[in-house]
Amino acid sequence: MFRSDSNTMSVGANPQHQAAPILPIGSVLTGLAFFCLMDVTMKSLSIALGAYNAIFWRVLLSLFLVSTLYLARRPKMPAKPTLKIHLQRGIITVFMAFLFFWALVRVPIAEAVALSFIAPIIALYLAAVFLGETIHRNAIFASILGLAGVVVIGWGKMSGDYTNDELLGFGAVLLSALLYAANLVIQRSQALLADPIEISFFQNLVVGVSYALVAPFLAVVPNIQYAPEILAAAVLSIISALFIAWGYARAQAQVLINLEYSAFIWAAIFGWVFFSEPVTLPTIFGTVLIVAGCVLATRRGEPAHVETTAI
């Protein structure tokens with residue numbers, strides 16, 4: 001989810017498209033399916049190469065691909081405030097993405113995606129601290145539901161057979177969700193200053209450079225047999241971002257925002273098909289509680305969860 005890697009798309013809407021949102025809805029749902037398929041590919045790569053190398057080589061390829069789109073427009077250098085936001089969000093993504101994909105090796109994809117849904121609720125409180133936004137009563141009730149969902153999923157994990165690695169993965173997803181919450185707060189300002197292609201370019205640039213700094217110690221050139229998977233992960237991340245961007249540019253965010261939770265369905269299906277991962281009842285029930293909290297948090301019209309340009 002971190003999503004990788006996961007790139008915020010426009011949340012505005014063209015009024016002439018609001019009457020018939022079927023195509024935007026289909027576009028967003030398609031983008032989310034591709035996004036979850038990218039998670040599957042990254043999990044496979046992380047198991048084979050380790051989370052660092054899976055992200056590093058994919059980001060390098062993604063940077064090359066998105067650079068062709070960005071530089072072809074002969075863009076001007078962004079202003080210093082915009083560059084500062086690009087840098088801040090990129091650095092957060094460095095750790096957010098690593099923790100998420102490191103966790104994917106240790107926990108089922110559906111479980112990781114479900115836990116990541118807590119991020120929008122955490123973002124409400126971070127926005128209050130850093131942006132001075134008011135915490136409304138709905139946000140408090142949403143927090144209680146979200147926390148209950150995490151507890152239920154955690155109880156399900158710890159009440160059965162589990163390993164220390166699985167518990168560490170559980171904790172890594174929650175820490176990644178915390179960073180993703182900070183990412184959501186920053187992207188509100190970033191989306192007003194830059195378009196999706198610029199955001200994607202600088203996000204991949206910052207992450208790529210950051211990972212390159214430790215490449216002499218951690219990077220291992222992967223066997224050529226992994227090249228198709230690395231390419232697939234990079235292409236899937238870009239395709240998912242384009243589908244989601246197209247949808248959010250043509251329908252109101254309040255119409256599309258709750259579609260984001262369909263990611264759990266795709267994660268459950270793909271996890272079962274590709275990794276034989278079962279979906280437990282505590283995970284399903286906990287997800288329902290978390291999603292209910294996120295939906296409650298959006299009732300004042302504030303988008304609670306927006307897919308970002310895939311990292």
Side-chain angles (χ1 to χ4, degrees), residues 1-4 6-9 11 28 32 35-36 39 89 92-93 95-97 99-100 103 107 109-157 169-191 244 248 253-265 267-268 282-308:
M1 129 115 160
F2 291 117
R3 335 31 126 298
S4 141
S6 304
N7 311 22
T8 283
M9 302 309 156
V11 295
V28 171
L32 290 167
F35 199 84
C36 288
D39 281 346
R89 191 167 175 226
I92 289 175
T93 302
F95 299 99
M96 177 187 77
L99 286 167
F100 185 78
V107 300
I109 295 175
E111 192 173 287
V113 169
L115 290 170
S116 72
F117 287 156
I118 196 69
I121 299 175
I122 299 174
L124 296 174
Y125 290 89
L126 293 181
V129 174
F130 295 104
L131 303 180
E133 296 184 3
T134 302
I135 298 178
H136 298 283
R137 184 169 57 183
N138 278 3
I140 297 175
F141 289 136
S143 303
I144 295 172
L145 285 172
L147 180 60
V150 172
V151 170
V152 168
I153 295 174
W155 172 81
K157 171 67 69 179
F170 185 91
V173 173
L174 290 179
L175 185 53
S176 179
L178 176 61
L179 292 174
Y180 184 45
N183 177 71
L184 288 173
V185 174
I186 292 176
Q187 77 180 21
R188 296 182 188 183
S189 300
Q190 188 183 36
I244 293 171
Y248 272 98
Q254 62 184 341
V255 174
L256 302 174
I257 204 71
N258 292 325
L259 298 177
E260 306 285 346
Y261 304 113
S262 67
F264 176 79
I265 298 174
T283 298
I284 294 175
F285 184 52
T287 302
V288 170
L289 290 174
I290 294 172
V291 171
C294 291
V295 172
L296 179 63
T298 68
R299 293 190 61 182
R300 297 185 63 88
E302 181 68 23
H305 180 73
V306 183
E307 277 299 349
T308 60

* To do: Measure the spacing between OG of Ser143 and CD1 of Ile121 and express it to the nearest 0.5 Å.
  => 6.0 Å

* What distance do Ile186 atom CD1 and Arg89 atom CZ have between them, rounded to the nearest 0.5 Å? -> 8.0 Å

* Asked: Does some side-chain heavy atom of Phe170 sit less than 4.5 Å from a side-chain heavy atom of Leu174?
  -> yes

* **Nearest-0.5 Å distance, CG of residue Leu126 to CG of residue Leu179** => 10.0 Å

* Residues Phe264, Cys36; criterion side chain to side chain contact (heavy atoms under 4.5 Å, CB included); working and verdict -> CA-CA 9 Å; Phe264 176 79; Cys36 288; over 6 Å; no

* Structure fact -> Rounded to the nearest 0.5 angstrom, the CD1-CG distance for Ile144 and Leu289 is 12.0 Å

* Asked: Distance from Ile118 atom CD1 to Ser176 atom OG, nearest 0.5 Å?
  -> 13.5 Å

* Asked: Could you give the distance from CE (Met96) to CG (Leu175), rounded to the nearest 0.5 Å?
  -> 11.5 Å

* Measure the shortest side-chain to side-chain distance between Ile153 and Ile290 over non-hydrogen atoms and say whether it is less than 4.5 angstrom. => yes

* Phe285 atom CZ, neighbour heavy-atom count above 12 within 6.0 Å -> no

* Less than 4.5 Å apart, any side-chain heavy atom of Phe100 and any of Tyr180? -> no

* Structure fact -> Correct closest heavy-atom pair for Ile92 and Ala182 would be CD1-CB, 4.0 Å

